[in-house]
Amino acid sequence: MELALHIPNGIINIPTSAIFGVIALIAVGFSLYKARQDLDQRLVPMAGLACAFIFAAQMIMFPIAAGVAGHLLGGALALVLLGPWLAIVCVTVVLVIQGLMFADGGLTALGLNITNIAVLTALSAALVVAVGLKILPRTKVGVTVSVFLAGFVSVLVSVLGFLVQFAMGGEPLGQSFSALTGAMLGSHVLIGIGEGLISAFVVITVAATRPDLVWALKGRQLNTDDAKERTPQNA
C-alpha cells in the first residue's frame, strides 16, 4: 500500500476541491510573479534540474514498514535550492505533468495536491530553514540538521493540509476521521524522516562544492569547524 499525499479523484468532494483549486491558482500565480522578479541566469538551469530530479525521485518508492511506502515530495528540497516562489512553481509543474501524463493524482484534485505538496511544503520549509540557519552554525552539520528538519516538518504540514481538506469535504472511506488521522500521521512521521534525509543529502552534496547554487546559503560558503580554524598563538 502506498501512503503518499497525491489525492485521487473522489476522495474530496467537488466544492472543497474547487475552493482549494482557487487557492492553488492564486498561490501559483503570485509565485510566478515573484519568481520572475528574482529569476537570474543561475536559477534557470537549476530550476530545470530540480524539476527533473523531483519528478524522477517521486517515482521511486522507499519502504517504511510492512505494506507502507513513501516517496520524496520535494518541496523542502526545492525551497532550499531555489527559494520559496520558484520552488512552488517547480513542484507545481511536476504535479501537473504527473496528473496529466501518469494519472498520479486526480485532475479534479489538482488544486488540493498543489496546495499540499507545493505550497504548504515550500512555505513551511522556508520557515524552518530560516530559523535553523539563524540558530545553528552554517557548517555541514548545521545545514544538514536545518534541511532535515525542514523536510520532516514539510511532510507533516502537508498531511495536516490533507486532513483539513478531508474534514471539510471528504467522502466516506469506511473509517472514522480519528482513525484516518492516526494512520496518516503515524506513517508520515516515518516518510518525513526519509524526506529529510534525502533533502539533506542532496543539499549538503551541492553546498560542499557549489554553495552559490543553494538559495538558502545566499551564496556564502559553508563554515569550517571552529576547531579547525583556531590555531594556538605562541607568546
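All values below come from the heavy atoms of this structure, side chains included, with hydrogens, waters and symmetry mates left out. Note that the structure is a prediction, hence the values are computed from the model and not measured.
Between V143 and V203, some side-chain heavy-atom pair lies under the 4.5 Å cut-off. For the pair I204/L222, a side-chain contact is recorded, criterion being any heavy-atom separation below 4.5 Å from C-beta on.
Across all their heavy atoms, L73 and V91 have their closest contact at O-CG1, 4.4 Å. I7 and A109 make their closest contact through O-CB, 3.3 Å (heavy atoms, listed as atom of the first residue, atom of the second, distance). Scanning both residues, S199 and L72, for their nearest heavy atoms gives OG-CD1, 4.0 Å. A pairwise comparison of heavy atoms in L86 and A47 identifies CD2-CB, 3.9 Å as the closest pair. Heavy atoms only, all atoms of each residue included: I54 and C90 are closest at CD1-SG, 4.4 Å. When all heavy atoms of A87 and A122 are compared, the pair lying nearest together is CB-CB, 4.3 Å.
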Worksheet item: Are L95 and H6 close enough, and set up right, to give a side chain to side chain contact (heavy atoms under 4.5 Å, CB included), and what steps lead you there?
Response: CA-CA 9 Å; L95 293 173; H6 286 75; 3.5 Å; yes
Practice prompt. For L77 and I198, run side chain to side chain contact (heavy atoms under 4.5 Å, CB included): C-alpha distance rounded to whole Å, both residues' side-chain angles, the deciding distance at 0.1 Å, then the answer.
Written response: CA-CA 8 Å; L77 176 60; I198 295 171; 5.6 Å; no
Practice prompt. Mind running side-chain hydrogen bond (donor to acceptor under 3.5 Å, both in side chains) on N116 and Q165 for me, showing each step along the way?
Written response: CA-CA 10 Å; N116 296 339; Q165 294 162 351; 2.9 Å; yes
Worksheet item: Between F20 and I12, is a side chain to side chain contact (heavy atoms under 4.5 Å, CB included) present by the stated rule, with each step listed?
Response: CA-CA 11 Å; F20 283 93; I12 309 294; over 6 Å; no
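L100 and I114 fall within the same hydrophobic cluster, where Ile, Leu, Val, Met, Phe, Trp and Tyr residues are linked whenever their side-chain heavy atoms come under 4.5 Å apart, directly or through other members. When the side chains of ILVMFWY residues are joined at heavy-atom separations under 4.5 Å, either directly or via intervening members, V189 and F148 end up in a single hydrophobic cluster. In the hydrophobic cluster analysis, where Ile, Leu, Val, Met, Phe, Trp and Tyr join through side-chain heavy atoms closer than 4.5 angstrom, L213 is grouped apart from L49. Under the 4.5 Å side-chain contact rule for hydrophobic residues, L25 and M168 do not share a cluster. Hydrophobic clustering of Ile, Leu, Val, Met, Phe, Trp and Tyr side chains at less than 4.5 Å, counting indirect connections, keeps I19 apart from V22.
H188 NE2 to L156 CG: the interatomic distance, rounded to the nearest 0.5 Å, is 9.0 Å. Separation of atoms CG (L185) and CG (L160) is listed at 6.0 Å; rounding is to 0.5 Å. Taking CD1 of I191 as the start and CE of M184 as the end, the distance is 8.0 Å to the nearest 0.5 Å. How far CD1 of I88 is from CG of L82: 11.5 Å, rounded to the nearest 0.5 Å. In this structure, S124 OG and L149 CG are separated by 12.0 Å, a value rounded to the nearest 0.5 Å. With rounding to the nearest 0.5 angstrom, the OG atom of S146 is 9.5 Å from the CG atom of L217.
When ring centroids are compared, F30 and W85 come within the 6.0 Å threshold.
Note on ring orientation: taking the six-membered ring where Trp is involved, the planes of F166 and F162 are tilted (angle from 30° to 60°).
Remark: side-chain polar atoms of S154 are paired, donor with acceptor, to backbone N or O of G151 under 3.5 angstrom.
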Please report, to 0.1 Å, the donor-acceptor pairs under 3.5 Å made by any side chain of residues 176-183, with sequence neighbours excluded.
from : atom 1 : to   : atom 2 : distance (Å)
S176 : OG     : S178 : OG     : 3.1
S176 : OG     : A179 : N      : 3.2
T181 : OG1    : F177 : O      : 2.8

